[in-house]
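Structure first, then comments.
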Amino acid sequence: METEQRLKRLCAAGAPSGFEGPVVAEARTLLEPLMDKVWVDRLGNLVGVRRCGKPGAKKLLLDAHLDEVGLTVTGMEQGFLRFAAIGVDARMLPDREVTVLAHPPLRGVVACLPPHVLSAEDREKAPKVEEMFIDVGLGQEEAERRIPLGTPVVYRSSFLRLGERQLCSKAMDDRVCFEALLRTAELLRGKPLNVDLYVLGSTREEVGGMGARVVTQAIGPDCCVAVDVTFGRAPDTPKDEAMVMGGGPAVGIGPNCTRWMVRRLLDRAEKENIPVQKEVMEGSSGTNGWTMQICREGVATAVVCIPLKYMHTPVETVEKADIEDTARLLAAFAAGLGEGDWHD
């Protein structure tokens, strides 16, 4: 199956933080043919391992989170739903189409007063989450019957091409990176490895990164790579704070990125003629790498990011070439990883 087809399937699943079951099920069907063993742990994380067959082999863990931003229903008034945000910026919500993940799911829209009835002052303000409602076209009694409190809500699913090179959808953060991990496993299929390769589709990254932390603690990898998205360059983003779309994956450089891993990533990129960018991360990377590095006695950790425009919106956009180049970089990093590579 091609990258675009797999990514469309992954992004279509409605699965905000804490409710990742649907996307984990989809991801599992895609991962199982590429691994020796695949399982789901108590926190809902999807884990796969490809063993190299060498006794006492070191462990390499590649992580991409599967959860997406969303909302959760907190109450109802006259059939209109009140809600709280799960990682969503309130400015993105007015007039948005959403899917309420009840059984069966319901379409809805985030209700918004038309500009004709707003004061001049209110037109200049972004509404607060507690001031908005979701309209699902139901009365109070039916809404209470069909939509339990705590029901998750996600942006309406969409998937489209922008021009010839870009793909646009909700939930690209971070399912585009899980697709890069699937592609990495494909590129490594049939090639000998010196390490046991673990692939993780983690949960709850958008609310603190608990999923990746639990798996890292349980597996005890010798090194891990957190694969996430970073800000892609657009007209409204400062050039020194965003990566070039189509410029290749961004390799994190900073005090929380293990130096020998950074060097190996950049060296492999140069030798394999893989385009890469460098992203300085002076503090927290804002990824699972922040917590994975301090599990157990400490884990050597690197961060690799795919540039993405319009983060945490329903129109997150990526460049197709960046997905393939990320997979090529991770495969090149894993191939031939030997005893002499594990120190600064």
Side-chain angles (χ1 to χ4, degrees), residues 3 7 60-65 162 165-169 171-184 187 199-200 202 205-206 209 212 223-293 300-313 316-334:
T3 283
L7 189 52
L60 166 62
L61 173 62
L62 305 179
D63 162 72
H65 68 88
L162 297 181
R165 302 189 307 272
Q166 297 188 356
L167 302 173
C168 174
S169 176
M172 285 287 189
D173 174 10
D174 190 33
R175 293 174 199 168
V176 66
C177 294
F178 189 79
E179 165 53 29
L181 299 192
L182 293 172
R183 182 66 183 133
T184 300
L187 293 174
V199 172
L200 167 61
S202 56
E205 189 272 347
E206 299 290 0
C223 69
C224 59
V225 182
V227 189
D228 211 322
V229 296
T230 189
F231 298 108
R233 193 170 296 174
D236 58 347
T237 55
K239 289 186 177 181
D240 59 347
E241 297 179 12
M243 300 292 111
V244 177
M245 302 291 292
V251 176
I253 300 174
N256 292 286
C257 301
T258 301
R259 291 188 298 276
W260 73 260
M261 295 183 71
V262 172
R263 283 199 306 271
R264 182 176 177 83
L265 285 164
L266 296 177
D267 287 347
R268 296 295 100 182
E270 183 176 2
K271 290 180 180 179
E272 299 294 332
N273 197 27
I274 303 169
V276 294
Q277 305 178 71
K278 299 176 183 178
E279 183 172 8
V280 176
M281 299 174 174
E282 70 278 7
S284 172
S285 62
T287 72
N288 279 332
W290 182 243
T291 54
M292 294 166 79
Q293 65 179 315
T301 302
V303 177
V304 173
C305 295
I306 294 178
L308 172 143
K309 295 185 290 189
Y310 323 126
M311 193 179 296
H312 287 190
T313 77
E316 295 177 332
T317 302
V318 298
E319 190 98 17
K320 288 191 287 186
D322 289 334
I323 307 171
E324 182 69 13
D325 288 334
T326 299
R328 291 174 59 211
L329 178 62
L330 295 172
F333 176 87

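Everything numeric in this text was worked out from a predicted model, so none of it was measured.
Checked by atom type and distance alone, the side chain of E316 pairs as donor or acceptor with a backbone atom of D173 at under 3.5 Å. Counting only distance, with no hydrogens or angles, the side chain of D174 and the backbone of H65 share a donor-acceptor pair below 3.5 Å. Remark: side-chain polar atoms of R328 are paired, donor with acceptor, to backbone N or O of E272 under 3.5 angstrom. Of the possible polar contacts, one joining the R264 side chain to the F333 backbone as a donor-acceptor pair under 3.5 Å is found. In this structure, T258 contributes its side chain and T301 its backbone to a donor-acceptor pair below 3.5 Å. A donor-acceptor pair is defined here as one N or O able to donate and one able to accept, closer than 3.5 Å; such a pair exists between the side chain of Q277 and the backbone of G248. With R183 contributing its side chain and E324 its backbone, the two residues share no donor-acceptor pair below 3.5 Å.
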Applying side chain to side chain contact (heavy atoms under 4.5 Å, CB included) to V199 and F178, what does each step give before you reach the verdict? CA-CA 9 Å; V199 172; F178 189 79; 4.3 Å; yes
Side chain to side chain contact (heavy atoms under 4.5 Å, CB included) evaluation trace for L61 with M292: CA-CA 10 Å; L61 173 62; M292 294 166 79; 3.7 Å; yes
Could you walk me through whether L330 and V227 satisfy the side chain to side chain contact (heavy atoms under 4.5 Å, CB included) test, starting with their C-alpha distance in whole Å, then the side-chain angles of each, then the deciding distance to 0.1 Å, before giving a yes or no? CA-CA 10 Å; L330 295 172; V227 189; 4.0 Å; yes
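When side chains are defined from C-beta on, R165 does not count as touching M245, because their heavy atoms never get closer than 4.5 Å. With a 4.5 Å cut-off on side-chain heavy atoms, Q293 and N256 count as touching. A 4.5 Å side-chain heavy-atom check between L266 and K278 finds at least one atom pair inside the cut-off. With contacts defined as side-chain heavy-atom distances shorter than 4.5 Å, the pair C223/M261 qualifies. At least one side-chain heavy atom of E279 sits under 4.5 Å from a side-chain heavy atom of T230. Using a 4.5 Å heavy-atom cutoff, the side chains of I306 and M243 are not in contact.
Atom CG of D228 and atom CD of E205 lie 5.0 Å apart (nearest 0.5 Å). How far CD1 of I253 is from OG of S285: 13.5 Å, rounded to the nearest 0.5 Å. The SG atom of C224 lies 9.5 Å from the CG atom of L200; values are rounded to the nearest 0.5 Å. D322 CG to Q166 CD: the interatomic distance, rounded to the nearest 0.5 Å, is 9.0 Å. Distance check: E179 CD to M172 CE gives 10.0 Å after rounding to the nearest 0.5 Å. Put simply, CG on L181 and CD1 on I323 are 11.5 Å apart, with the number rounded to the nearest 0.5 Å.
Here the closest non-hydrogen pair linking D63 and A212 is OD1-CB, 4.1 Å. Shortest non-hydrogen contact noted between A327 and T184 is CA-OG1, 3.3 Å. Heavy-atom minimum distance, G232 versus P307: CA-CB, 4.1 Å. Of all heavy-atom pairs between P249 and P275, the closest is CD-O, 3.3 Å. Across every non-hydrogen atom of A300 and W260, the tightest pair is CB-NE1, 4.0 Å.
Heavy atoms from other residues, nucleotides or ligands lying under 6.0 Å from CZ of R259 number 12 at most.
None of L308, L162, L167 except one satisfies the side chain to side chain contact (heavy atoms under 4.5 Å, CB included) rule with T317; the exception is L162.
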